[in-house]
Amino acid sequence: MRKTRLHRRAAAIGSAGALVTATLIAGAVTAPAASASPATGRGHGHGQGWDREARGAAVAAARAAKAGIDWQDCPADWNLPKPIQCGYVTVPVDYAKPYGKQIKLAVDRIGNTGTKSERQGALIYNPGGPGGSGLRFPTRVTGKNAVWANTAKAYDFVGFDPRGVGRSAPISCVDPQEFVKAPKPDPVPRSEADKRAQRKLAAEYAEGCFERSGDMLAHMTTPNTARDLDVIRAALGEKKLNYLGVSYGTYLGAVYGTLFPDHVRRMVVDSVVNPSREKIWYQANLDQDVAFEGRWKDWQDWVAKNDATYHLGNTRAKVQEQWLKLRATAEKAPLGGVVGPAELISFFQGAPYYDSSWAPTAAIFSKYVAGDTQALVDAAAPDLSDTVGNASSENGNAVYTAVECTDAKWPTNWRTWDRDNTKLHRDHPFMTWANAWMNLPCATWPVKQQTPLNVKTGKGLPPVLIVQSERDAATPYEGAVELHQRFKGSRLITERDAGSHGVTGLVNPCINDRVDAYLLTGKLDARDATCAPHATPKP
């Protein structure tokens with residue numbers, strides 16, 4: 001789920017900015033190695049195509065291990081401070097044709113801060129999305145984030161832009177300046193005409209993806225990104241992968257662990273996408289709508305408890321009344337001419353995502369109710385002058401759409417979408433229709449949609465550490481339970497009575513210490529653990 005989706009049509013899976021905790025392990029990985037034995041893909045119900053892709057992945061990994069990475073100072077416009085270094089890893093667009101068209105993936109790293117004997121290899125990170133860039137990961141070292149101090153002693157921090165993202169053969173579906181124009185149509189339809197208009201926009205968006213990025217679309221899948229991850233591992237000279245994935249990054253990790261079980265050394269997955277084939281991706285998005293409603297109410301309860309600060313009402317019902325009043329005002333006449341209901345949802349959804357957004361969101365809402373409309377306009381409106389940021393937003397949305405639409409088969413019958421979302425909206429109105437319109441391009445997707453991988457434990461897969469807050473909106477708790485059941489020997493840490501998306505970067509010693517122990521020594525608790533919540537935000 002992505003946090004900032006001001007101009008995306010709704011909620012996505014994968015947090016592009018969620019913080020995560022990693023830590024370290026015993027036994028330094030120092031010897032460069034080519035790819036370990038490749039997973040063949042047999043036993044996953046995919047047949048010969050997957051065998052060809054497995055062989056292609058082995059070819060690409062062996063080639064990358066030989067080539068290595070030509071590390072250089074990062075280009076100035078990447079805004080990555082020294083001593084972070086940048087480079088590229090070459091991968092095939094189509095793993096069934098490993099000698100065919102190639103693309104370059106942008107990678108960066110910062111060396112471990114400890115001694116040579118303390119080094120345990122590279123820790124590769126994915127922040128989610130699909131469509132999130134991992135290139136900021138090494139700045140957790142340059143920024144001297146205390147949560148990451150132990151991790152940094154033992155590991156090189158390695159980030160990358162997945163295929164199609166940012167500096168890695170970026171894809172596009174529409175002109176970025178058109179993409180960010182506001183206000184967008186109100187996501188909640190008032191008539192059949194409203195629905196027809198949204199359906200037309202979704203179909204046009206899908207067509208735009210094919211027109212602008214058609215040569216990449218069929219290969220924008222999670223399994224291919226997992227194969228890319230293995231090629232990066234090989235290019236780094238790592239025999240096995242140390243991996244930290246958040247949100248959609250957990251599904252990427254789950255697919256990698258299934259395809260390459262004996263290539264994994266340590267894996268931490270935080271805020272887990274439900275990997276069940278039945279959930280990827282249509283049902284997963286419907287499940288989000290329910291969870292978002294619950295976390296939206298949690299935020300309203302907190303605002304009501306702090307009514308002395310925010311003056312938005314001393315009960316949840318009163319806060320909701322203020323929200324509905326604001327929404328109706330923006331529907332009638334967009335605030336500042338640019339902030340309508342769609343822009344409001346994109347701004348306010350930060351609160352259900354992250355506790356760190358509770359106070360800032362409430363403060364701006366409070367200013368609006370007190371008569372300061374400009375603060376809300378400044379926070380929720382697009383900045384048309386930010387061409388770089390707008391291009392990044394459009395690219396992120398394009399990758400999100402391409403991966404989710406290509407990964408799995410979606411309903412093509414509008415009646416199914418209409419029935420499911422109309423029913424869900426009755427009790428879960430905050431996100432339901434916005435989420436539906438964002439994903440509707442998948443109903444008319446112009447390339448073949450795949451069958452999701454059957455995620456499961458393979459031979460050689462070590463114990464995986466799963467971390468999850470109980471009331472996560474973007475990736476509901478059931479996803480962590482499902483992956484825990486599928487990855488035998490895994491351990492689940494539950495943060496009770498909490499709902500932030502991306503847990504391991506928050507200060508909670510009960511969680512931080514366990515993640516440290518796992519990554520440093522491989523130690524896991526004898527059984528699953530439940531931790532008290534991190535500190536509640538202060539007004």
Side-chain angles (χ1 to χ4, degrees), residues 2-12 173-205 289 292-293 296 299-300 312 319-353 357 360-386 389-390 393-394 396-397 400-401 421-422 424-425 428-441:
R2 298 172 60 81
K3 177 188 175 186
T4 52
R5 211 164 35 301
L6 181 55
H7 316 300
R8 300 162 62 90
R9 284 177 298 276
C173 292
V174 67
D175 178 79
Q177 292 303 101
E178 287 295 317
F179 180 69
V180 300
K181 279 186 179 178
K184 298 285 190 284
D186 186 345
V188 178
R190 307 297 178 189
S191 66
E192 289 302 314
D194 287 349
K195 293 177 183 179
R196 285 193 297 271
Q198 291 278 16
R199 291 172 63 190
K200 183 172 182 287
L201 288 172
E204 289 172 350
Y205 186 83
D289 300 335
F292 259 96
E293 195 72 30
W296 173 245
W299 175 71
Q300 291 179 323
L312 291 166
V319 178
Q320 175 72 358
E321 186 179 345
Q322 291 282 15
W323 160 250
L324 293 176
K325 184 178 177 182
L326 166 60
R327 201 187 182 292
T329 299
E331 181 183 3
K332 187 175 181 181
L335 310 179
V338 288
V339 176
E343 289 71 32
L344 288 177
I345 291 171
S346 289
F347 171 68
F348 276 89
Q349 70 173 9
Y353 254 111
S357 293
T361 304
I364 289 172
F365 193 11
S366 178
K367 286 181 180 180
Y368 168 81
V369 171
D372 180 0
T373 299
Q374 193 59 44
L376 181 53
V377 172
D378 291 344
D383 179 1
L384 295 179
S385 68
D386 182 11
N390 294 338
S393 294
E394 190 279 325
N397 194 85
Y400 165 85
T401 308
N421 287 281
T422 298
L424 207 58
H425 174 80
H428 311 92
F430 178 68
M431 284 296 299
T432 295
W433 277 112
N435 211 3
W437 303 129
M438 179 171 182
N439 293 301
L440 190 59

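A quick note: this is a predicted structure, and the numbers were derived from the prediction, not measured.
A heavy-atom distance below 4.5 Å is not found between the side chains of Trp433 and Leu424. Considering only heavy atoms from C-beta on, Pro429 comes within 4.5 Å of Glu293 through its side chain. Using a 4.5 Å heavy-atom threshold, the side chains of Gln198 and Lys195 count as separate. Using a 4.5 Å cut-off on side-chain heavy atoms (C-beta onward), Leu326 and Leu376 make contact. Between Met438 and Asn397 there is a side-chain heavy-atom pair separated by less than 4.5 Å. Between Gln374 and Leu335 there is no side-chain heavy-atom pair separated by less than 4.5 Å. The shortest distance between side-chain heavy atoms of Ile364 and Phe347 falls below 4.5 Å. Proximity of Asp194 to Arg199: side-chain heavy atoms (C-beta onward) are nowhere separated by under 4.5 Å.
Residues Gly350 and Ser357 come closest through the heavy atom pair O-CB, 3.2 Å. Annotation for Glu178 and Lys184: closest pair O-NZ, 4.3 Å, computed over non-hydrogen atoms. The minimum heavy-atom distance between Pro334 and Gly340, with the atom names listed, is CB-N, 4.2 Å. The heavy-atom pair separating Val377 from Gly336 by the smallest distance is CG2-N, 4.0 Å.
Between the side chain of His425 and the backbone N or O of Asn421 there is no donor-acceptor pair closer than 3.5 Å. Formation of a donor-acceptor pair under 3.5 Å by the Trp437 side chain with backbone atoms of Pro187 is found in this model. Of the possible polar contacts, none joining the Glu331 side chain to the Pro341 backbone as a donor-acceptor pair under 3.5 Å is found. Remark: side-chain polar atoms of Glu343 are not paired, donor with acceptor, to backbone N or O of Pro183 under 3.5 angstrom. Ser393 contributes a side-chain N or O that, together with a main-chain N or O of Gly389, makes up a donor-acceptor pair within less than 3.5 Å.
Glu321 CD: 12 or fewer foreign heavy atoms inside a 6.0 Å radius.
In this structure, Lys325 NZ and Gln320 CD are separated by 14.0 Å, a value rounded to the nearest 0.5 Å.
Between Phe179 and Tyr205, the ring-plane angle classifies as tilted under the 30° and 60° cut-offs.
With no hydrogens or angles considered, no side-chain donor-acceptor pair links Trp296 and Gln349 at under 3.5 Å. Side-chain contact, Asn390 with Glu394: no donor N or O sits under 3.5 Å from an acceptor N or O.
Here the options are Thr329, Val339, Asp186, the test is side-chain contact (heavy atoms from CB on, under 4.5 Å), and the partner is Leu344; only Val339 passes.
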Intermediate values then yes/no, side chain to side chain contact (heavy atoms under 4.5 Å, CB included), Phe292 and Thr432
CA-CA 9 Å; Phe292 259 96; Thr432 295; over 6 Å; no
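Taking the centre of each ring, Phe348 and Phe365 come in below the 6.0 Å mark.
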